[in-house]
Structure formats: structure tokens, C-alpha cells
Amino acid sequence: MEGLKLEQRHGKARVRVGRVWKEANGRHLFVEWNVSISLLSDCLAAYTRADNSDIVATDTMKNTVYVKAKECKQPISVEDFAIVLGKHFTSFYPQVSSAIINIVEKPWERIYIDGQPHRHGFKLGSEKHTTEVTVKKSGSLQVISGIEGLAVLKTTQSGFEGFIRDKYTILPETRERMLATEISASWRYPFENLASVPAKQSYFMEKYTNVKKVLLDTFFGPTKEGVYSPSVQSTLYYMAKAVLARVSDVSSVKLKMPNIHFLPVNLSSKDNPVIVKFEDDVFLPTDEPHGSIEATLSRIQSKI
């Protein structure tokens, strides 16, 4: 391969697995995961000499997901399960130097009947819990958690003023509009190796719940008066800043918040100039096109 450089990885994508844990009192716990695996390994011969002797078959990766799910005797977070898989692939196969594990958890929620939790009944929720975990053979580690599809809306306390106006601008300024978005959030933990991961079984689930609460509290504000949003950018920044302030184990947070528009409805005709007059009450919901806003906020690490 003189004069050439080959960079490669291979894996198995979208391995779906459901796992039930049954407690002695008859209560069941259930998760559904979509697992993707990517391995960095020394299998160049497969590319250059048609020699497959160092390849971990992707079908083997798929089977490994089911085996490791079976071996988890207690409920486990997506982050912890990703770490289990990453440790296995980097320790079991000498040629594998790194494993990148992505998992999306489908949001099954326990059903309540007459105010009481059902022992084995679940309904599908909305936002999804995600993770990307990178494990290296050396033991170094990177853990990123996230939320996808967290749809939120408030009917007032939002505006947009003072933006650049030029010959193409027709958008009016306003201090009264709806604000709707579908939040995608990801945050990185400061752990740098496997030994530094907290042993507490519920650690990652607690952090996920905490981050989601901070995001929602900051977006909506107090229950009665709310909080004014001068722009999606401003709200995004204060949400990210609040996460770093209130969840000390998060080293950086990335937010994507498309501005999903609800357009005022005014209807008129030649014969009737006011069929419907907009009074902050009737809107046309749209999702295309939409504004696209994203940013990452990180702690500045001291070099002292």
C-alpha cells in the first residue's frame, strides 16, 4: 500500500433488543434498545489481501448484544450496557483497539389504571434516551448521553426583535408569539477511563432525569408567570448554562432546537375583508421550513 493510507471500521447497526426483568412481587421492568456497534480493529488484510481471518463477523456482534442483555440480571441503563459491550469487544478480541457503541432506548412507560401502576403494562412515550460510548483497549473511555424528540411548546412569553433587516426581510418584529421546538440534547461526562465510572447502579438514569428536568424548567420558567424568550438562541444558551450549573458531572452540553413555526391565520376576500382576524388565537402549524439553531456549551478546563 505504498503511497496509500487506509482508515477503516466495521460493525453492526440497528440491533433491536427487548429485555424484561421480573421481580419477585410480580412487577415487571421492560426496556427496548436499538444498538449499533462500530469496531476499530487490525483487519487490513481483509481489504488488501482478501484475508478475513481477523474480522469479527457482524452477525457475531449482533448475537453478542443478546447474550450480554441476557447476562444483565438487574435493570441497567443504556450507558452501562454500552460500557458492558465496549469492554467485551476490546478485551475479548486482541485485534480490536476501540469500540463505539450507540444505543437509542424506545420510551416505553409504565401504564397507570385508576391511578395505580400496572405491574406489567406499558405505553409508548415520546422522547428517547440515547448514548454514545467509546471504549479503548487501554481502558480509556468517553460517555455521551442524550435526549431526542423532546417536543415542547409555550403559547406566549416569546418574541423576536432587533434582527437584521434588508431588502429581503418581510418578517415583522414581535414581542408576542408561540415558541415551539423539538429538543435534541447531548451531554458529555468527564470520565476518562473505566475505573472512574461511578459504581452506583442508578447513576446514569438519575443524571438523565436531572438534565431533562433542568432543560424543561429553564424553557418554561415558573408555572404562573413563565419566563420571556427573546429568541431561541437566548433560551438555548440559558438552558445549556443551567445544565452545567446544576449537574456538576456534565462537562459539556450540545443542544439542537429547531424553531417550529405556528403562523398567524388572517383570512379575507374581496367581498369580506375580515373573515378571520388574528388575535393571538388561531394559528397554522408548520414544520417545513423551520429555523435551525444549535450550539455547544462547555466548561473551560483550568490548565493550572
Side-chain angles (χ1 to χ4, degrees), residues 126-128 130 132 144-188 208 210-247 250-270 272-301:
S126 54
E127 67 273 5
K128 298 176 181 179
T130 68
E132 178 178 290
I144 298 173
S145 296
I147 300 171
E148 289 183 359
L150 181 57
V152 292
L153 174 151
K154 58 182 185 180
T155 54
T156 188
Q157 287 284 56
S158 174
F160 190 50
E161 303 173 282
F163 50 89
I164 294 173
R165 304 199 70 87
D166 57 38
K167 62 183 180 179
Y168 302 119
T169 304
I170 62 173
L171 181 70
E173 297 190 358
T174 182
R175 288 189 60 83
E176 178 60 41
R177 66 173 184 172
M178 294 180 68
L179 177 58
T181 187
E182 186 171 291
I183 302 167
S184 294
S186 60
W187 56 94
R188 181 174 175 175
Y208 173 83
N210 291 346
V211 170
K212 184 167 75 168
K213 183 179 187 304
V214 172
L215 293 173
L216 293 175
D217 288 352
T218 310
F219 179 86
F220 289 110
T223 55
K224 291 185 178 180
E225 63 270 25
V227 61
Y228 182 72
S229 169
S231 66
V232 177
Q233 286 86 344
S234 175
T235 296
L236 182 154
Y237 172 72
Y238 282 107
M239 290 167 67
K241 186 178 179 182
V243 170
L244 294 182
R246 292 167 56 181
V247 187
V250 171
S251 59
S252 66
V253 56
K254 179 178 182 179
L255 293 176
K256 295 182 179 180
M257 293 174 56
N259 190 4
I260 300 174
H261 303 298
F262 283 72
L263 305 179
V265 172
N266 286 291
L267 298 181
S268 62
S269 68
K270 288 184 178 180
N272 188 351
V274 182
I275 299 174
V276 173
K277 180 181 179 181
F278 179 69
E279 297 176 327
D280 295 317
D281 53 358
V282 180
F283 298 84
L284 171 63
T286 66
D287 56 10
E288 293 180 353
H290 62 250
S292 178
I293 298 94
E294 62 180 87
T296 301
L297 190 65
S298 305
R299 300 184 195 277
I300 298 175
Q301 301 297 326

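Summarising the geometry, atom OG belonging to S229 is positioned 10.0 Å from atom CE belonging to M239; distances are rounded to the nearest 0.5 Å. The distance from atom CG of L171 to atom CZ of F160, rounded to the nearest 0.5 Å, is 7.0 Å. Between the OG1 atom in T223 and the CD atom in E225 there is a gap of 7.0 Å [rounded to 0.5 Å]. Interatomic distance, CD1 of I275 versus CG of L267, reported as 6.0 Å (0.5 Å rounding). Note that NZ of K241 is 13.5 Å distant from CG of L236, once rounded to the nearest 0.5 Å. Atom OH of Y237 and atom CE of M257 lie 14.5 Å apart (nearest 0.5 Å).
Of all the heavy atoms in S184 and E148, the pair that sits closest is OG-CA, 4.4 Å. Pairing each heavy atom of A240 with each of L297, the nearest pair is C-CD2, 3.8 Å. Closest heavy-atom contact between R299 and V250: NE-O, 2.7 Å. Here the shortest heavy-atom pairing between T174 and E161 reads O-CG, 3.3 Å. Listed here is the closest heavy atom pair of I170 and R165: C-NH2, 4.1 Å. Scanning all heavy atoms of the two residues, the minimum distance from D166 to Y168 falls at OD1-N, 2.8 Å.
Within the 4.5 Å cutoff, no side-chain heavy atoms of I144 are placed close to those of K254. Residues W187 and I147 are in side-chain contact: their nearest non-hydrogen atoms beyond the backbone lie under 4.5 Å apart.
Taking the six-membered ring for Trp and the full ring otherwise, the centers of Y238 and F219 sit at least 6.0 Å from each other.
A side-chain contact (heavy atoms from CB on, under 4.5 Å) with F262 is found for exactly one of L284, T286, L153, namely L153. Here the options are V227, T235, T181, the test is side-chain contact (heavy atoms from CB on, under 4.5 Å), and the partner is K154; only V227 passes. Of the residues R177, E176, M178, the one that meets the side-chain contact (heavy atoms from CB on, under 4.5 Å) test with S158 is R177.
A donor and an acceptor atom, one from each side chain of S252 and R188, are nowhere located under 3.5 Å apart.
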For N259 and L179, what are the C-alpha separation, side-chain angles and deciding distance, and is it a side chain to side chain contact (heavy atoms under 4.5 Å, CB included)? CA-CA 7 Å; N259 190 4; L179 177 58; 4.1 Å; yes
- Query: Should E182 and I260 be marked as a side chain to side chain contact (heavy atoms under 4.5 Å, CB included) after you check the CA-CA gap, both sets of side-chain angles, and the distance that decides it?
  - Reply: CA-CA 8 Å; E182 186 171 291; I260 300 174; 4.2 Å; yes
Might you work through the side chain to side chain contact (heavy atoms under 4.5 Å, CB included) test for T130 and S186, ending with a clear yes or no? CA-CA 8 Å; T130 68; S186 60; 5.9 Å; no
Would you check, one step at a time, whether the test side chain to side chain contact (heavy atoms under 4.5 Å, CB included) holds for L215 with L255? CA-CA 10 Å; L215 293 173; L255 293 176; 4.0 Å; yes
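Side chain of E173 to main chain of G162: a donor-acceptor pair is present (N/O by atom type, distance under 3.5 Å, no hydrogens or angles).
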